[in-house]
Amino acid sequence: MTKTTSPETQTTGRHLEPVEDLDAVDRTLLRRAALRDRHAQGLARLMDERTDLRGVHPLADFVDDAIRWSA
């Protein structure tokens, strides 16, 4: 069974669906969602490590705040 994410991005309790049953559009949508999650996670980690970046880019601040409020 092929998984939708790599082992590095898998977390406990995360449901992974087999991708061989999906058509090309659905596979693309799953890849986009995984990539979006990975980028949001990386941005949150960066903003946590580098507080001096706060206020440099309004969109980065917005995403960081949104992630923190949804946690």
Side-chain angles (χ1 to χ4, degrees):
M1 175 185 335
T2 306
K3 301 293 183 178
T4 58
T5 60
S6 65
E8 298 85 34
T9 60
Q10 294 177 11
T11 58
T12 304
R14 189 172 187 178
H15 178 69
L16 300 177
E17 300 174 7
V19 294
E20 62 268 1
D21 303 349
L22 303 174
D23 62 2
V25 173
D26 289 335
R27 280 194 302 269
T28 301
L29 292 175
L30 285 174
R31 277 196 305 267
R32 285 181 183 176
L35 186 60
R36 183 176 51 242
D37 292 344
R38 197 172 19 192
H39 282 302
Q41 181 183 28
L43 177 62
R45 187 179 317 116
L46 176 66
M47 296 297 279
D48 190 44
E49 293 172 359
R50 298 272 315 270
T51 56
D52 60 315
L53 294 177
R54 195 81 164 137
V56 172
H57 196 282
L59 183 58
D61 292 343
F62 176 78
V63 171
D64 185 46
D65 289 339
I67 291 170
R68 294 183 192 287
W69 278 102
S70 66

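Predicted model only: the values in this text are computed from it and were never measured.
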Side-chain heavy atoms nearer than 4.5 Å, only ILVMFWY residues, links allowed to pass through others: does that put Val63 and Leu35 together?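 Different clusters.
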
Are Leu30 and Val25 co-members of a hydrophobic cluster defined by side-chain heavy atoms under 4.5 Å apart? no

Closest approach of Ala40 and Ile67, non-hydrogen atoms and distance? O-CD1, 3.3 Å

Supply the atom-to-atom distance [X] [atom1] to [Y] [atom2], rounded to the nearest 0.5 angstrom.
X: Leu29; Y: Asp23; atom1: CG; atom2: CG; result: 8.5 Å
X: Asp64; Y: Leu59; atom1: CG; atom2: CG; result: 11.0 Å
X: Met47; Y: Asp61; atom1: CE; atom2: CG; result: 4.5 Å

